[in-house]
Engineer: 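Sending over a structure as C-alpha cells; questions will come in a sec.
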There are 2 protein chains.
Amino acid sequence: MRKQSSTNLENEILINGNCDMAYTLDLIGGRWKPSILWRLAYGALRYSDLRRSLPAVSERILILQLREMEADGLISRKVYPEVPPRVEYQLTDLGKSLEPVINILTDWGSENRPNSEKRKVRCPVLTIK
Amino acid sequence: MRKQSSTNLENEILINGNCDMAYTLDLIGGRWKPSILWRLAYGALRYSDLRRSLPAVSERILILQLREMEADGLISRKVYPEVPPRVEYQLTDLGKSLEPVINILTDWGSENRPNSEKRKVRCPVLTIK
DNA sequence: TCAAGTACTAACATAAATGTAAGTTATGCG
DNA sequence: CGCATAACTTACATTTATGTTAGTACTTGA
C-alpha cells in the first residue's frame, strides 16, 4: 500500500505527469517487466509458462508485475473457465505499440553493455527449466 | 551502501547481465535522470544551474543521480579551480548516443500519456525559479 | 482417499531508493 | 573580522520495491 502523501509520491506524480520520457520508463521499468514483454512478444502465454521461464522470480512478484502491466493497459488477462484453471496473458495493442521502444532499448544495450555478445539476445535471463 | 549479498542484488545482476533492454533501463531509470538528460542535451550546465532548474530535487539526491550517471559514463564532470568553485556537467559521447533512445521514449509517452499535450515537451517538470 | 496441478493470496521480512536538515571548505569582498 | 557563495558531505529518516513462506480452492486421476 502506498502512502497517501509524501514528497516521494508527490515527486513521482510531478515527473510522470510532466515528462513523457519518465512516463514511458515508469510503465516498463519494473525489475521483471522487460523479461515479461519479451516473452509475450512471441504470443500469449499461460501464467505457468511465464513462471517456468522465469524461475528466479517469486510468485508474488511475478503476479505484482503482471497486475501493474495489466492496470497500465500493456497486457490483458484472459481466464478460461476450466478446471484446473487456465489464465493466458498477452500484449494489448498498446503493449504491441511498445515494440520500437523495446527494440531501441535492446539495441543500445547490445552496443554498450559490457560483455554483451553484440547479437540481439532477447532478455534470456533464464531459460525454461 | 548496498548489501554484499541478497536475492534482490543477485536478481539485479542476473538481469542486467543478460538482458540488454534491462541494462539500458537501469542506466536511465533513476527518478531524475530523464530530467537531467534533457537539460544536458542542450549543452553543459553548472551544478547550480541544474539545481535551480529542478527545485523539487534535494541536493543529496541530485548529486547521487549525477554521480551514478558519471560512474556509468553518461556524463562528465569538469571542475574549474576557482573560488567559489565551478563545476560543469555535460554529456559524454556515450550519453549523446542515447539521443534516439530518449526520443523514442519521449515520443511513445507523448502519444500515450493521459493528458499529454501531444507535442514533444521535453521533461519540463519545473522551470527555472 | 489422497496426491497433483493451476493460479493465485496473505502475512511477514528485507533491501534499496528517495528525502530532510544541517554542516563543510575555501576564498574574495566590504 | 564576518558574511556570502558554490558545490558539495554527513547523519538520519522515511517510502517504496522486492523477496520468503505458507496457505487457498477446485477438480481430476491413481
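Hydrogens, waters and symmetry mates play no part in the numbers below; they use all other heavy atoms, side chains included. In the text below, chain A, chain B and the rest are named by the order of the sequence lines, each starting its count at 1.
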Engineer: Are the side chain of Asn18(B) and the backbone N or O of Leu14(B) linked by a donor-acceptor pair below 3.5 Å?
Structural biologist: yes
Engineer: If I take atom CG in residue Leu54(A) and atom C1' in nucleotide dG19(D), what distance separates them, rounded to the nearest angstrom?
Structural biologist: 15 Å
Engineer: May I ask you to verify if any side-chain N or O of Gln65(B) is less than 4.0 angstrom from the OP1 or OP2 atom of dA17(C)?
Structural biologist: no
Engineer: Please report, rounded to the nearest Å, how far the P atom of dT20(C) is from the CG atom of Leu9(A).
Structural biologist: 13 Å
Engineer: Within the sub-3.5 Å range, which N or O atoms of nucleotides 5-7 of chain D have a protein N or O partner, and how far apart are they?
Structural biologist:
unit_1	atom_1	unit_2	atom_2	d
dA6(D)	O3'	Arg46(B)	NH2	3.1
dA6(D)	O3'	Pro85(B)	O	2.9
dA7(D)	OP1	Arg46(B)	NE	3.2
dA7(D)	OP1	Arg46(B)	NH2	3.1
dA7(D)	OP1	Val87(B)	N	3.1
dA7(D)	OP2	Ser48(B)	N	2.9
dA7(D)	OP2	Ser48(B)	OG	2.8

Engineer: Shortest non-hydrogen contact from Leu94(B) to Gly73(B)?
Structural biologist: CB-O, 3.6 Å
Engineer: Where the side chain of Arg51(B) meets the backbone of Tyr47(B), is there a donor-acceptor pair that is under 3.5 Å apart?
Structural biologist: no
Engineer: What is the separation between atom CD on Glu82(A) and atom P on dT27(D), rounded to the nearest whole Å?
Structural biologist: 13 Å
Engineer: Would you mind reading off the distance between Ile61(A) atom CD1 and dT21(D) atom P, rounded to a whole angstrom?
Structural biologist: 14 Å
Engineer: Give a yes-or-no answer on whether the side chains of Asn16(B) and Arg113(A) include a donor-acceptor pair shorter than 3.5 Å.
Structural biologist: no
Engineer: Do Tyr80(B) and Leu45(B) share a hydrophobic cluster (ILVMFWY, side-chain heavy atoms under 4.5 Å, transitive)?
Structural biologist: no
Engineer: Using whole Å, what does the distance between atom P of nucleotide dG19(C) and atom CD of Glu12(A) come to?
Structural biologist: 10 Å
Engineer: Tell me: CG of Asn8(A) to P of dT15(D), nearest whole Å?
Structural biologist: 9 Å
Engineer: Does Asn11(B) have a side-chain nitrogen or oxygen under 4.0 Å from the phosphate oxygens OP1 or OP2 of dG19(D)?
Structural biologist: yes
Engineer: Assuming nearest nucleotide by heavy-atom distance, tell me which of Gly29(A) and Leu66(B) is located more 5' along DNA chain D.
Structural biologist: Leu66(B)
Engineer: Of the listed nucleotides (dT18(D), dG19(C), dT16(D)), which one gets closest to any side-chain atom of Arg31(B)?
Structural biologist: dG19(C)
Engineer: For dT20(D) and Thr7(B) - does any side-chain N or O of the residue sit under 4.0 Å from the phosphate oxygens OP1/OP2?
Structural biologist: yes
Engineer: Got a donor-acceptor pair under 3.5 Å from the side chain of Arg60(B) to the base of dT9(D)?
Structural biologist: no
Engineer: Quick check: does any side chain N or O of Asn103(B) sit under 3.5 Å from a backbone N or O of Glu99(B), one acting as donor and the other as acceptor?
Structural biologist: yes
Engineer: Glu10(A) has an atom CD; how far is it from atom P of dG19(C), in whole Å?
Structural biologist: 10 Å
Engineer: Does a nitrogen or oxygen in the side chain of Ser6(B) sit under 4.0 Å from OP1 or OP2 of dA16(C)?
Structural biologist: yes
Engineer: Counting distance only, does the side-chain N/O of Arg67(A) pair as donor-acceptor with the main-chain N or O of Leu62(A) below 3.5 Å?
Structural biologist: no
Engineer: Starting at atom CZ of Arg51(A), determine the distance to atom P of dG19(D), rounded to an integer number of angstrom.
Structural biologist: 14 Å
